[in-house]
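Note sheet for the following structure.
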Amino acid sequence: MKDTQKVLFILVIGIVLASSSIALNWKPSGRGGAPAATFTLTPTTATLHEGESTALELSFTVNGGAPLSTAVSWSINASGGKGSLRCPTTLNDTGKLAAIYTAPGDVDSRRHNVTIEARTTWLGDSYHARARYAVIPEMHETNVTISPEGTAMTAGETVRLTATLRGRHDEGWRNLAGQPLSWTFFDAGGSTMQPLSVRETTTDKKGSATVPVYISDVNETTEIWCVVQMDESLAGEHEYAGCNGMTSIQVQPETPGTYPVVLIHGWFGSMTKKLLQTWSNITEKLQRHGHIILDFDTSLPGIQYLRYTPGWADRHIPWMAGKVNDAIERALVENGYSPNQTIDIVTHSMGGLVARFLAEQPGADVDSWNNSWQPGDPGTPWHGDGTPDISIGPHQIDDLFMVGTMNHGIPPGFNETFLKRLDFIPLPWWACQMQDMVYNSKFLEAMGYRGCDLVDYHAIGSDIGFRIGEPKDFDGDGVNHTTDGLVPTESPYLEGAPLYIVTGQARPHGDADHNSQIAINDDIHRYIIRHLT
């Protein structure tokens, strides 16, 4: 009996061991051996257009071909739009499953990667299958055309180029608004194709963008190429391929007399004696070199200079600029020019601020002044009745010379005794213009300390060693200059523009003081004539 029990015990142990061995070897994906089942998703790779659909097939079989039916979970991974997947959640009795994947309708990259993953479990093991798809956008063809105001210009003029951008859609070509354009200008005759300048614009509602072209100095007729480029656009509802267009302009050299010269005097210049003292010498020199001085009253013999409107003492500089704007346009017409004629401007002292306002504030409305305005407030201290008063702008000004102009201001605190000694008695120290001209005034802060890119600025100062307040270094060269007797030597400086400084003495021992610098200083006169031609 005992022997029989031992035999049975041994048989039971053998059966258990054999069963365990079989169970251990029946793994769906044996580690170190061949997998027991195959879980696949096809196609594994594909390229789709945005919004396009494709069919997928998921298959799950035991090695040898027997189908397996299990529950399936899905996931879609992408850095942006994922698209959508329509599919059953269970493999059928054939071990297969059909699904439809639809790519996202709008992608914002040239190649948008999407990964679709299916997962299932069988006999305690996990299986997964992946398909990786690239979604590409539907790129619309584009075209840009350039329309110049003319194919030729004279150096110092400003002409406008207008680009029109269109894109092709199913309904045909249509204008593209809100698209960035890059403008690059080259000297076609240059030894290298280095760009002269680069501009950036955005098309308006009509698909157009306009840039002014200003070439200040050429020694011979020069061909300028303009290339307009749109980079491919992948943002927004539609994607557009890039495109470019080109045009060229012939630029002819400027010669003396090409543009009339406008002389704009300073704070005291409306008095006849001062006008003659300011302009007579330089007028004669300019005429000898072939330049034409704009005559503000052709009914009288000789050159009649600009004079500020009566009552100007109670007005700020922007209001004065509006009156000067009208006077220049009338004088141009009276002298046989178009009111849009390009001009050169030579100014002294406050006249430079008037001219800067014309150059930098086209379309300004200047009838009134808001004395409560502070730097940093919205808008400007000048405002008006809704009708623009400044029509002359940078497109009409070639060279602007600012002799002794207080672009950075003058020290505050002048008194009438000091001004009388400098022969500035016509106005008291508290006049509106003096308020505009002191350091950090509302006017100067609103204007800023940099000119515009369409005007050649020439800042000229003089240093007679006369101290008014602390010496200033406005151009950042590390040298603190004094003044010309009224205006700090470097106050005419504007960021990005040259500053020419003369040193000397005041009258009667020299010609570098504030009044004499424009009236009789030969160095300054030669500088102006050299840069005008």
Side-chain angles (χ1 to χ4, degrees), residues 194-199 214 216-217 266-267 317 345-361 374-376 380-381 394 397-414 434-506 512-514 517-518 521 523-524 526-528 530-532:
Q194 295 296 320
L196 298 173
S197 63
V198 177
R199 311 270 185 85
Y214 174 74
S216 60
D217 295 302
W267 197 28
I317 290 174
I345 303 179
V346 177
T347 69
H348 179 233
S349 193
M350 187 189 70
L353 297 178
V354 173
R356 276 192 63 198
F357 198 88
L358 298 179
E360 298 166 26
Q361 302 295 329
Q374 295 296 328
T380 60
I397 300 172
D398 178 16
D399 291 295
L400 171 52
F401 295 86
M402 303 168 293
V403 182
T405 294
M406 55 291 292
N407 285 320
H408 284 266
I410 55 179
F414 287 115
M434 180 59 77
Q435 298 174 37
D436 293 341
M437 290 186 285
V438 298
Y439 290 160
N440 306 120
S441 71
K442 294 176 182 179
F443 171 75
L444 293 177
E445 290 290 296
M447 285 289 291
Y449 304 96
R450 180 181 178 88
C452 68
D453 295 334
L454 299 179
V455 174
D456 268 351
Y457 293 90
H458 304 271
I460 303 170
S462 58
D463 190 340
I464 63 172
F466 189 87
R467 292 173 63 107
I468 305 175
E470 291 298 317
K472 294 285 188 179
D473 174 25
F474 289 113
D475 68 352
D477 64 355
V479 179
N480 294 332
H481 289 276
T482 59
T483 73
D484 60 17
L486 177 65
V487 176
T489 302
E490 294 188 7
S491 192
Y493 171 73
L494 289 179
E495 183 181 347
L499 172 64
Y500 179 65
I501 295 175
V502 298
T503 59
Q505 294 180 294
D513 59 89
H514 188 73
Q517 61 185 190
I518 187 63
N521 190 291
D523 286 341
I524 292 176
R526 283 193 294 269
Y527 178 88
I528 293 172
R530 183 169 67 251
H531 286 84
L532 271 175

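Residue indices begin at 1 and follow the sequence shown.
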OG1-CD1 distance between T503 and I464, expressed to the nearest 0.5 angstrom: 11.5 Å
Side-chain (T483) to main-chain (I468) donor-acceptor, under 3.5 angstrom: no
Heavy-atom closest pair, residues E490 and D477: OE2-OD1, 3.7 Å
V403 and I524, any side-chain heavy atoms less than 4.5 Å apart: yes
Side chain to side chain contact (heavy atoms under 4.5 Å, CB included) evaluation trace for I317 with V354: CA-CA 6 Å; I317 290 174; V354 173; 4.1 Å; yes
Shortest non-hydrogen contact between N521 and Q517, atoms and distance: CB-O, 3.2 Å
Gap separating the CD1 atom of I410 from the OG atom of S349, nearest 0.5 angstrom: 7.5 Å
From CG (L444) to CG (N407), nearest 0.5 Å: 7.5 Å
Any side-chain heavy-atom pair of V438 and N440 under 4.5 Å: no
Whether H408 and F474 hold their rings parallel, tilted or perpendicular, with breakpoints at 30° and 60°: parallel
Nearest-0.5 Å distance that lies between atom CZ in R356 and atom OG1 in T347: 10.5 Å
Approximate separation, where rounding is to 0.5 Å, of T405 OG1 and Y493 OH: 15.5 Å
Worked verdict on Q374 versus K442 for side chain to side chain contact (heavy atoms under 4.5 Å, CB included): CA-CA 7 Å; Q374 295 296 328; K442 294 176 182 179; 3.6 Å; yes
Nearest heavy atoms of V346 and I518, plus distance in Å: CG1-CD1, 4.3 Å
Minimum side-chain heavy-atom gap L353-M406 below 4.5 Å: yes
Whether H458 and Y527 hold their rings parallel, tilted or perpendicular, with breakpoints at 30° and 60°: perpendicular
Pair D463-T482, side-chain donor/acceptor within less than 3.5 Å: yes
Minimal non-hydrogen separation, G485 against F466, with atom names: CA-CD2, 4.0 Å
Heavy-atom side-chain contact between D436 and M434 under 4.5 Å: no
Under 3.5 Å donor-acceptor pairs involving side-chain atoms of residues 446-453, not counting sequence neighbours:
unit_1: Y449; atom_1: OH; unit_2: E445; atom_2: OE2; d: 2.6
unit_1: R450; atom_1: NH1; unit_2: E495; atom_2: O; d: 3.4

Distance (rounded to the nearest 0.5 Å) between L532 CG and I528 CD1: 7.5 Å
Close side-chain approach of F443 to P381, heavy-atom, < 4.5 Å: no
Which residues share a side-chain contact (heavy atoms from CB on, under 4.5 Å) with D217, sequence neighbours left out: D456
For M402, the option from L499, I460, L494 that meets side chain to side chain contact (heavy atoms under 4.5 Å, CB included): L494
Heavy-atom side-chain proximity of H348 to H514 below 4.5 angstrom: yes
Minimum heavy-atom distance between S462 and A512, given as atom pair plus value: OG-O, 2.6 Å
D398 backbone acceptor or donor facing Y214 side chain under 3.5 Å: yes
Minimal non-hydrogen separation, P492 against P488, with atom names: CD-O, 3.7 Å
Residue pair Y500 / D523, side-chain donor-acceptor N/O under 3.5 Å: no
